[in-house]
*Asks:* 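Pasting in a structure now, in structure tokens, and then I'll have a few things to ask.
Note that ligands are numbered from 1 as they come in the structure, with each ligand's atoms numbered from 1 the same way.
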Amino acid sequence: MNASVPGCDLPSAPARQSSALDEFQRAHALLQSALHAARVVAWTSELRTGRLIYSENASAMFGASLPQTEEKKWAAVHPEDEPRRRAAIHEATAQRGDYVVQYRHIRGDTGAAQWVEERGQILFDEAGEPTGSTGVILDISDRHREPEEALARLRAHSEQQRRLYETILSNTPDLVYVFDLNHRFTYANEALLTMWGKTEQEAIGKNCLELGYEPWHAAMHDREIEQVIATKRPIRGDVPFSGTHGRRMYDYIFVPVLGVDGEVEAIAGTTRDVTERHVAEEMLRHSEERLRFMAESMPQKIFTAKPDGCVDYFNRQWTEFTGRAFEEIRDWKWMHLVHPDDAPENLLAWRHSIETGEPFQFTHRFRRADGAYRWHLSRAHAMRTGDGKVSMWIGSSTEIQEQKDIEDELRRANQDLEQFAYAATHDLQEPLRGVKIFSDLLTRRHAPRLDGEALEFLTYLHAGATRMEMLIRDLLSYTQAGRLEPPVKPVDAGECLNAALANLTVAIAESGARISSDPLPLVNIHATHLRQVFQNLIGNAMKYRRPGIVPVIHIDAHSENGYWRFTVSDNGIGIEPEYTERIFGLFKRLHSDEKYSGTGIGLALCQRIIDRSHGRIWVESQLGKGSQFHFTLPR
Ligand code: ADP
């Protein structure tokens, strides 16, 4: 208010008019205060003199030194805004009206730009010629401050974003770039420049061909860029390229960059070095090819299945054997070729393996192309990933028809042989009995008339006949071992033991053996067979006792892995470990007949019986330390 604005001083008035003048000066002061409070500067200009007159608050609002002429005033307007202001004034002059224009005013004191709004009116004389103008200038920097701040924030944000992207793009190993619509690079990140071995200045603005790409390669990218522009869709590919890192394999993608109008304005691309992956894939493909070749050239039938059991590969041997195309037998369709009698159990076994991951093994018949069923032994194993999950099944089926035929033949031959042995031994008993009876009669009735030598021969004859009788009896038991049908209901092993002991009464009395047993279970075996096993094992335990030592024999049974394990232990002479398997062979003995009489059939008979009952028999022993004969029977 104190600043005086040259040219705006009020004209001096005569003293007699003092009261009117006072009144005027008060009104003037009031008006100045109002203008100041409203941050409005009033002004008037005169065209003829070119002078400008401002209200008193002007110097405070615009900075100390104010332009005094219209021309100077323009100089205080921001050069970018001056044309706009002038245009508004011209328009108002032409239209004989008012104008409003906003512009930046350059402050006289600080030189800072300040947003103002000028509202003006052009003044005319009677002839219609412009004489000057008058109006107000409002300080509107408040209105502009907010958008300016927002703009500043936006700038700071986008600057931060730019730094962020630049850091990412210059540190990624991937190659990142942008093409313009003329296929020229407008951006290439550090990795790409390094791969090219070029600086930004050398590379930007060039196309592929100019950057030394082989013509076919550059032409391919040209086509792809055009396709991205035309379809507005990304395109992907892989290509080998020889850069500063040598010849490498690259996987790339070009994507369209759409402008606000929805049109493609550039093409952005990223390229990744996939050499290692490519090499690994190649190796995998090669090894798969090798495996497939191996599978195709093997005589076995090979298949692979997914973890859910669906067969996804059969080799040529399969398709040739079945006479079916792969599509006809894939997944679970091969089941139709399994013999109807084997199929249900086959299905159960395969399902069990899939559920548990346990190896699959099954013997079943498959229908050949000519309709004949052939026996096969199939096996499959699960292949697992690092974390133990089943990734696939690999299986083979081997035709065992010939083996089966031989087995059948052997079984038939064995049956015939058994039949023959049974008949022969049975028929031998009769004449043998005659030899024994007549040699007895001869000894008893004619002994006085026979000389010493004849009597000695008769003794040999009798001993030989007795031994032969024993042999025939044991052989008969042996041949009969397979003839008895399995029992309908389980038998009491305790009762079988008692029956055996009853048959051994004489031997027990003679040897003075002490025999004990634990309670024994019910088992699925013919009572005669179990009695025979006990009788042989206990009989041997007494026979092979240590001289001068009372035989102590114990029998017990324990449940073990779905079986009963029986044990007959003794304190006899024991067996050298190297003979523990041999003694189960037919006619295999470790001692002479003079020392321990016997036929070498007892243990062979035991093994035959236990084998047929799906069990196992073995001995644990040491010479001089007694023996434990074990045998198992299914529960
Ligand atoms: P055998 O008793 O008629 O000779 P086995 O088949 O019963 O025929 O036995 C075969 C051989 O095993 C016997 O000759 C004997 O050497 C040996 N053996 C069997 N049981 C025992 C036992 N409890 N202790 C020591 N040796 C035995």
*Asks:* List ligand 1 atoms under 4.0 Å from His591, heavy atoms only on the residue side.
*Replies:* 15 (C), 16 (O)
*Asks:* Which is it for Phe629 and ligand 1 at heavy atoms under 4.0 Å: side chain, backbone, both or neither?
*Replies:* side chain
*Asks:* Measure across Ala493 and Val523 and return the closest heavy-atom pair with its distance rounded to 0.1 Å.
*Replies:* CB-CG2, 4.1 Å
*Asks:* Measure the spacing between CD1 of Ile610 and CG of Leu633 and express it to the nearest 0.5 Å.
*Replies:* 4.5 Å
*Asks:* For atom 17 (C) of ligand 1, what is the nearest protein heavy atom, given as residue, atom name and distance?
*Replies:* Ile583 CG2, 4.1 Å
*Asks:* Residue-level breakdown please: for Asp570 versus ligand 1, do any non-hydrogen atoms fall below 4.0 Å on the side chain, on the backbone, on both, or on neither?
*Replies:* side chain
*Asks:* Identify the protein heavy atom lying closest to atom 26 (N) of ligand 1, giving its residue, its atom name and the separation to 0.1 Å.
*Replies:* Ile575 CG1, 3.4 Å
*Asks:* Is Leu603 touching ligand 1 with its side chain, its backbone, both, or neither, if touching means heavy atoms under 4.0 Å apart?
*Replies:* both
*Asks:* Which bit of Lys588 is near ligand 1, meaning a heavy atom under 4.0 Å away: side chain, backbone, both or neither?
*Replies:* backbone
*Asks:* Starting from atom 19 (C) of ligand 1, what is the nearest protein heavy atom, named by residue and atom, and what distance separates them?
*Replies:* Asn540 ND2, 3.5 Å
*Asks:* Would you call Arg374 and Glu402 a salt bridge, using N to O less than 4.0 angstrom?
*Replies:* no
*Asks:* Would you call Phe534 and Asn498 a side-chain contact if the rule is heavy atoms closer than 4.5 Å?
*Replies:* no
*Asks:* Given that the side chain starts at C-beta and the backbone is N, CA, C, O, which of these parts of Asp474 lies under 4.0 Å from ligand 1, counting heavy atoms, or is it both or neither?
*Replies:* neither
*Asks:* For atom 8 (O) of ligand 1, what is the nearest protein heavy atom, given as residue, atom name and distance?
*Replies:* Gly600 CA, 3.2 Å
*Asks:* Salt bridge check: are Arg368 and Asp370 linked by an N-O gap of less than 4.0 Å?
*Replies:* yes
*Asks:* Give the numbers and elements of all ligand 1 atoms closer than 4.0 Å to a heavy atom of Gly598.
*Replies:* 3 (O)
*Asks:* Under a 4.5 Å cut-off applied to non-hydrogen side-chain atoms, are Tyr252 and Leu175 in contact?
*Replies:* no
*Asks:* Among Phe587, Tyr579, Tyr544, Phe584, which one has a heavy atom closest to atom 14 (O) of ligand 1?
*Replies:* Tyr544
*Asks:* Testing the basics here: between Gly357 and Arg384, what is the closest heavy-atom pair and its distance to 0.1 Å?
*Replies:* O-NH2, 3.1 Å
*Asks:* Starting from atom 4 (O) of ligand 1, which protein heavy atom do you reach first, and at what distance in Å?
*Replies:* Arg589 NE, 2.4 Å
*Asks:* Are any of the heavy atoms in Gly572 under 4.0 Å away from ligand 1?
*Replies:* no
*Asks:* Knowing that exactly one of Gln401, Lys301, Lys404 qualifies, which makes a side-chain contact (heavy atoms from CB on, under 4.5 Å) with His376?
*Replies:* Lys301
*Asks:* Taking only heavy atoms of Ile573 into account, list the atoms of ligand 1 that are under 4.0 Å away from them.
*Replies:* 25 (C)
*Asks:* Checking the N or O distance criterion of under 3.5 Å, is ligand 1 in contact with Lys543?
*Replies:* yes
*Asks:* Measure from the side-chain N and O atoms of Lys625 to the backbone N and O of Gly574, and report whether any donor-acceptor pair falls under 3.5 Å.
*Replies:* no
*Asks:* Under 4.0 Å from a heavy atom of Gly574: give me the atoms of ligand 1 that qualify, with their elements.
*Replies:* 25 (C)
*Asks:* Against heavy atoms of Leu590, which atoms of ligand 1 measure under 4.0 Å?
*Replies:* 14 (O), 16 (O)
*Asks:* Taking 4.0 angstrom as the limit and counting only heavy atoms of Ser627, give me the atoms of ligand 1 inside it, by number and element.
*Replies:* 24 (N)
*Asks:* Work out whether the distance between some heavy atom of Asn536 and some atom of ligand 1 is less than 4.0 Å.
*Replies:* no
*Asks:* Taking ring pair (Phe, Tyr, Trp, His ring centres under 6.0 Å) as the criterion, tell me which of Trp350, Phe303, Trp393 meets it with Phe360.
*Replies:* Trp350
*Asks:* Taking only Lys NZ, Arg NE, NH1 and NH2, and the carboxylate oxygens of Asp or Glu, determine whether Arg277 and Glu281 approach each other closer than 4.0 Å.
*Replies:* yes
*Asks:* Regarding Arg292 and the six-membered ring of Tyr313, is the cationic atom NZ or CZ under 6.0 Å from the ring centre and inside 45° of its axis?
*Replies:* yes
